[in-house]
Colleague: 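Take a look at this one; I'll ask things after.
Chain naming here is simple, since letters A, B, ... match the order of the sequence lines and numbering starts at 1 in each. The structure displayed is predicted, hence computed values, not measured ones. What you see below is based on every heavy atom in this structure, not just the backbone, and it leaves out hydrogens, waters and symmetry mates.
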Amino acid sequence: MGNIRVRFAPSPTGYLHVGGIRTALFNWLFSKSRGGKFILRIEDTDIQRSTREFEAMMISALKWCKIEWDEGPDIGGEFGPYRQSERVKKGIYEKFTDRLIGEKKAYYSIYARDNPQKELFRTYKKEEASSRLHVIKFAVPQGSTVVKDLAKGDVRFDNHEIEDFIIVKSNGYPTYNLAVVIDDATMKITHVIRGEDHLSNTPKQILLYEALNLTLPVFMHIPLILGPDRTPLSKRHGGTSVQYFKSEGILPDALMNHLALLGWGAPKEIFHIKDIISSFNPNRISNKGVIFDYDKLRWINEKHMRTMDIDELFDYFKRWIVEEKIPFSDAVRSDEEYAKEVLDIARQKVSTLKELVVFIPYFFDENYEFTQEFRNKYITKEFARTYLELAHKRFKALDTWDMMRIKDEVEKICRAPDISKKQFIQTLRGALTGRLITPGLYETMSIMGKKRVLRRINRCLEEI
RNA sequence: GGCCCCAUCGGAUAGUGGUGAGUCCAUCUGGUUCUCAGCCAGAAAACCGGGGUUCGACUCCCCGUGGGGCUACCA
């Protein structure tokens, strides 16, 4: 089969969005499943819009997603440099365009400086062009071009449909169509897996491969990710960048799971991408545009949060709350054992870290508020004081403090005829947390510890 | 406009020339638990339209319709 080499080649002109990361993921999955190499290349030939900041953000987004590359601008590699702007400086593209012009397969198109719209004349002579405003255009030959696509089959294009196109801009930079071809060829890319939006440009690229006598890679164009209205997913539809999902408290494992599942007949719903590498088969990727389903992502995230190793989740959680500047992050760091236990019971109740963080602040703040609902429904009732006092007395008397013991005690108290189990439990829950919706009461009490529980009951009693 | 791609419940998919068209998310009903979440049980919900081919088409072909892409000195 030879050595499989695939690449992800983003343009650093904005945030990395889910569509981009999905093609990166499929490329990565493909290379890993075939024991190949995954290359990261930065396509920054649009000098107006490309920035190093965006590049850095893309790299960190990719790393956050745990997509790792074997060669790239940050780590180098045999076929570097991996930034097109640097390849321009090395004269890599020029060598090829000189050849094309020499063979009259491309020409200089000279423009008027005072009217850059107007083509003055064409020439093959460098001397004539160099002092004037010019671009290099590829001379599209007669005939037709067939794209052999792994997903679409053979797609035929009539060359008449394709105009001579610019391959080198007037600023000397190659255009996309030229740069991809030369880079993919010189980097020995064997499979080009990319978004469907590139399909129509592929014949141009094939023409270039043929003119330059380079070996064609295998192409595969995968459908785009759409918003609910079936237009390409964009900011209008909500957050789309990897950063957005990160700050929403989505786990990278869940995002990857969802993206992998989207438009792919995966063998199961919940998985870790590392575990599906061997079963990855690009032929199973659906051929139609797919709508990004935020609800399903939440569900997948929930599953990952609940089943993932607690230490791993906790490590991630600690970093996340600092980055998101969550008020109680200091408290978490000051008592990690406690915080980890809180995380462990609370994760069963929420779907994202963002939800988690609004669900549990009272665990870390002794001045938690009593919600209005708790006040109306319970604090104002007669049984509140009586039973909270009783609870305090009974809990104080306990010599051991574990869940079973607590449960027994609570249930004993509930047997009283003038209060229902629900009433008592909700009163106690409210006293300890200020709220009526929390993790399980027994777990909560057990984790909070006897001292804290007694203190909190007292604090509530003062409010009554 | 021209060229190209695509089309199964609301979303994602499974599926075969003959099926009660299956599954997951979401929705709705019940059940269970200390709240919530979950879990369990159930319901509703689809083959874009029209022509062919065929004994028979969701499936194969053509035409429409709809959606998307390309047609940039953006990638």
Side-chain angles (χ1 to χ4, degrees), chain A residues 9-14 20 43-50 84 109 111 116-117 133-137 147 149 151-153 155-158 160-163 165-177 179-180 194-204 221 223-224 226 228-232 258 261-266 268-270 284 286-300 302-303 306 345-351 355 359 373-374 377 407 410-411 414 420-430 433 435-444:
Chain A
S11 185
T13 54
E43 309 220 323
D44 56 351
T45 52
D46 182 344
I47 53 176
Q48 306 298 326
R49 298 194 302 147
S50 300
Q84 290 183 332
S109 174
Y111 285 81
Q117 303 302 311
L133 181 65
H134 72 275
V135 297
I136 298 176
K137 283 189 177 179
V147 179
D149 191 277
K152 312 291 184 193
V155 185
R156 178 176 298 272
F157 293 85
D158 193 324
H160 289 298
E161 300 293 337
I162 307 169
E163 291 175 32
F165 54 93
I166 295 176
I167 54 177
V168 176
K169 310 175 193 180
S170 57
N171 65 4
Y173 274 71
T175 57
Y176 165 72
N177 285 126
V180 253
R194 66 206 340 180
E196 209 171 65
D197 49 339
H198 290 288
L199 181 60
S200 298
N201 276 322
T202 307
K204 293 181 185 171
H221 291 91
L224 268 16
L226 313 173
D229 58 357
R230 294 220 165 258
T231 62
H258 181 238
L261 198 58
L262 195 58
W264 182 43
K268 52 183 175 176
E269 299 278 320
I270 303 297
R284 298 292 299 178
S286 152
N287 221 2
K288 68 169 189 188
V290 286
I291 295 174
F292 190 83
D293 188 342
Y294 288 83
D295 282 334
K296 187 145 190 182
L297 173 58
R298 270 187 86 240
W299 177 76
I300 290 172
E302 171 187 304
K303 296 292 182 196
R306 293 174 191 189
I345 59 168
R347 65 170 167 162
Q348 302 302 328
K349 307 286 179 174
V350 296
S351 302
E355 285 176 25
F359 190 59
E373 200 187 0
F374 171 56
K377 278 186 168 165
K407 181 169 189 276
V410 168
E411 277 168 0
C414 290
S420 70
K421 187 176 187 184
K422 179 171 174 175
Q423 283 174 321
F424 177 63
I425 282 186
Q426 286 299 74
T427 303
L428 190 51
R429 184 193 307 281
T433 67
R435 307 180 182 197
L436 295 176
I437 298 174
T438 75
L441 182 66
Y442 309 134
E443 296 95 309
T444 299

Colleague: In this structure, how many angstroms lie between the C1' atom of B:rA37 and the CG atom of A:Leu441, rounded?
Modeller: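 The distance from CG of A:Leu441 to C1' of B:rA37 comes to 15 Å, rounded to the nearest Å.
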Colleague: Could you check whether A:Ser200 gets within reach of a base, just the sugar-phosphate, or nothing at all, counting any heavy atom under 4.0 Å?
Modeller: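 Answer is base: heavy atoms of A:Ser200 come under 4.0 Å of a base.
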Colleague: Mark up nucleotides 5-15 of chain B, 5' to 3', with B wherever a protein heavy atom is under 4.0 angstrom from a base atom, S wherever such an atom reaches only the sugar-phosphate, and - elsewhere.
Modeller: SSSS--BSSSS
Colleague: Could you check whether any side-chain heavy atom of A:Pro223 comes within less than 4.5 Å of a side-chain heavy atom of A:Lys288, counting everything from C-beta outward?
Modeller: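 SC-SC contact between A:Pro223 and A:Lys288 ruled out.
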Colleague: If pairing requires Watson-Crick or G-U wobble contacts with both distances under 3.5 Å, which nucleotide is the partner of B:rA43?
Modeller: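 Because both required distances fall under 3.5 Å, B:rA43 counts as paired with B:rU27.
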Colleague: If you look at every heavy atom in A:Phe374 and A:Leu436, which pair is closest and at what distance?
Modeller: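 That closest heavy-atom pairing would be CD1-CD2, 3.8 Å.
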Colleague: Using a 4.5 Å cut-off on heavy atoms from C-beta on, say whether the side chain of A:Ile345 contacts that of A:Tyr442.
Modeller: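 Side-chain contact under 4.5 Å: no.
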Colleague: Can you tell me, in whole Å, how much space there is between the C1' of B:rU13 and that of B:rA26?
Modeller: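 Nearest-Å result for B:rU13 against B:rA26 at atom C1': 15 Å.
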Colleague: Show the nearest heavy-atom pair for residues A:Leu262 and A:Ile291, with the distance to one decimal.
Modeller: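 Scanning both residues, the minimum pair turns out to be CD1-O, 3.6 Å.
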Colleague: Given atom NZ of A:Lys349 and atom P of B:rC36, what is their separation to the nearest angstrom?
Modeller: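 Rounded to the whole Å, the gap is 9 Å.
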Colleague: Hunt down the Watson-Crick or G-U wobble partner of B:rC74, both distances under 3.5 Å, from any strand shown, or write none.
Modeller: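 Per the H-bond distance test, none.
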Colleague: A:Arg435 and A:Phe359: which non-hydrogen atoms are nearest, and at how many Å?
Modeller: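 Shortest heavy-atom separation between A:Arg435 and A:Phe359 comes out as NH1-O, 3.6 Å.
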Colleague: Would you mind reading off the distance between A:Leu226 atom CG and B:rG69 atom P, rounded to a whole angstrom?
Modeller: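 Going from A:Leu226 (CG) to B:rG69 (P), I get 8 Å.
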Colleague: With heavy atoms under 4.0 Å as the rule, sort A:Ser351 into base, sugar-phosphate or nothing.
Modeller: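 No contact.
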Colleague: Identify the nucleotide, in any strand shown, that forms a Watson-Crick or G-U wobble pair with B:rC3, with both distances under 3.5 Å; if there is none, say none.
Modeller: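 Pair assignment: B:rC3 / B:rG69.
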Colleague: Please give the distance between the C1' atoms of B:rC36 and B:rG42 as a whole number of Å.
Modeller: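 It works out to 23 Å between them.
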Colleague: Across all strands shown, which nucleotide pairs with B:rG64 by Watson-Crick or G-U wobble geometry, both distances under 3.5 Å?
Modeller: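 Pairing partner, where one exists within any strand: B:rC48.
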Colleague: Could you pull out the closest heavy-atom pair between A:Lys169 and A:Thr45, with the gap in Å?
Modeller: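 For A:Lys169 and A:Thr45, the tightest heavy-atom pair comes out as NZ-O, 3.0 Å.
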Colleague: Between A:Lys421 and A:Phe157, just flag the one whose closest nucleotide in RNA chain B comes earlier from the 5' side.
Modeller: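 Result of the comparison: A:Phe157.
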Colleague: Do the side chain of A:Asp44 and the main chain of A:Pro12 share a donor and acceptor less than 3.5 angstrom apart?
Modeller: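 A pair under 3.5 Å: no.
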Colleague: What does A:Pro203 touch in the nucleic acid at a heavy-atom separation under 4.0 angstrom: a base, only the sugar-phosphate, or nothing?
Modeller: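 Counting heavy atoms under 4.0 Å across all strands, no contact is made by A:Pro203.
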Colleague: Identify which nucleotide among B:rU35, B:rA75, B:rG2 has an atom closest to any side-chain atom of A:Lys422, counting heavy atoms from C-beta outward.
Modeller: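 Of the options given, the side chain of A:Lys422 lies nearest B:rU35.
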Colleague: Among B:rG2, B:rA75, B:rC34, which is the nearest nucleotide to the side chain of A:Glu161?
Modeller: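 Among B:rG2, B:rA75, B:rC34, the one nearest the side chain of A:Glu161 is B:rG2.
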Colleague: Expressed in angstrom and rounded to an integer, what is the separation of A:Gln117 atom CD from B:rA72 atom P?
Modeller: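 Rounding to the nearest Å, CD of A:Gln117 and P of B:rA72 are 12 Å apart.
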Colleague: Quick one: which protein N/O atoms are closer than 3.5 Å to N/O atoms of nucleotides 38-47 of chain B? Pair and distance per line, please.
Modeller:
unit_1 : atom_1 : unit_2   : atom_2 : d
B:rC39 : OP1    : A:Lys303 : NZ     : 3.1

Colleague: Distance check: side-chain N/O of A:Thr45 vs OP1/OP2 of B:rA75, anything under 4.0 Å?
Modeller: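 Yes, A:Thr45 has a side-chain N/O under 4.0 Å of OP1/OP2 on B:rA75.
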Colleague: Could you walk me through whether A:Lys407 and A:Glu411 satisfy the salt bridge (charged side-chain N to carboxylate O under 4.0 Å, His left out) test, starting with their C-alpha distance in whole Å, then the side-chain angles of each, then the deciding distance to 0.1 Å, before giving a yes or no?
Modeller: CA-CA 6 Å; A:Lys407 181 169 189 276; A:Glu411 277 168 0; 3.4 Å; yes
Colleague: Choosing from B:rU71, B:rU35, B:rC73, which nucleotide comes nearest the side chain of A:Lys204?
Modeller: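 The answer is B:rU71, which lies nearest to the side chain.
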Colleague: Mind listing the closest non-hydrogen atom pair of A:Asn287 and A:Glu196 along with its distance?
Modeller: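 So the minimum-distance heavy-atom pair works out to O-OE2, 4.1 Å.
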Colleague: Determine the Euclidean distance between corresponding P atoms of B:rU65 and B:rA12; express it in Å to zero decimal places.
Modeller: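 My reading of the P atoms in B:rA12 and B:rU65 gives 24 Å.
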Colleague: When only distance counts, do a donor and an acceptor, one from the side chain of A:Ser170 and one from the base of B:rC73, lie under 3.5 Å apart?
Modeller: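 When only heavy-atom distances are counted, A:Ser170 does reach the base of B:rC73 through a donor-acceptor pair under 3.5 Å.
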Colleague: Looking only at atom C1', what distance separates B:rU23 and B:rG15, rounded to whole Å?
Modeller: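 My reading of the C1' atoms in B:rU23 and B:rG15 gives 11 Å.
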Colleague: For a quick check under 3.5 Å, do A:Thr175 and A:Asn177 share a side-chain donor-acceptor pair by atom type?
Modeller: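 Short answer, no.
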Colleague: Would you kindly give the CD-to-P distance between A:Glu373 and B:rU35, to the nearest whole Å?
Modeller: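 Rounding to the nearest Å, CD of A:Glu373 and P of B:rU35 are 14 Å apart.
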Colleague: What is the distance, to the nearest angstrom, from the CD1 atom on A:Ile47 to the P atom on B:rA75?
Modeller: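 From A:Ile47 CD1 to B:rA75 P: 10 Å.
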Colleague: Using a heavy-atom cut-off of under 4.0 Å over every strand shown, decide if A:Asn201 touches base, sugar-phosphate, or nothing.
Modeller: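 Base contact - A:Asn201 has a heavy atom under 4.0 Å of at least one base atom.
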Colleague: Describe the nucleic acid contact of A:His221 in one word from base, sugar-phosphate, nothing, applying a heavy-atom distance below 4.0 Å.
Modeller: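 A:His221: no heavy atom of the nucleic acid under 4.0 Å.
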Colleague: Give me the distance, rounded to whole Å, that separates B:rC28 from B:rC9 when you measure between the C1' atoms they each carry.
Modeller: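 Per the computed distance, 15 Å lies between those C1' atoms.
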Colleague: Return the value, rounded to whole Å, for the distance between atom NZ of A:Lys407 and atom P of B:rC34.
Modeller: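 So the two atoms are 8 Å apart, to the nearest Å.
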Colleague: In the strands shown, is B:rG38 matched to any nucleotide by a Watson-Crick or G-U wobble pair with both distances under 3.5 Å, and which?
Modeller: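 B:rG38 is paired with B:rU32.
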Colleague: May I have the distance from A:Arg194 (atom CZ) to B:rG69 (atom P), rounded to whole angstrom?
Modeller: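 Those two atoms, CZ and P, are 17 Å apart.
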Colleague: Select one nucleotide: of B:rC34, B:rA75, B:rC73, the one nearest the side-chain heavy atoms of A:Arg429.
Modeller: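 So the nucleotide nearest the side chain must be B:rC34.
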Colleague: Need one value for A:Glu443: base, sugar-phosphate or nothing, where a base atom within 4.0 Å counts as base even if backbone is also close, heavy atoms only.
Modeller: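 Base contact.
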Colleague: Would a 4.5 Å heavy-atom cut-off, applied to side chains only, mark A:His258 and A:Phe292 as touching?
Modeller: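 Heavy-atom side-chain distance check passes, below 4.5 Å.
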Colleague: How close do A:Gln84 and A:Val180 get, heavy atom to heavy atom, and via which atoms?
Modeller: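 What the structure gives for the nearest pair is NE2-N, 4.2 Å.
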Colleague: Take atom P in B:rU53 and the same atom in B:rC61, then report the distance between them in whole Å.
Modeller: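 Taking atom P in both B:rU53 and B:rC61, they lie 15 Å apart.
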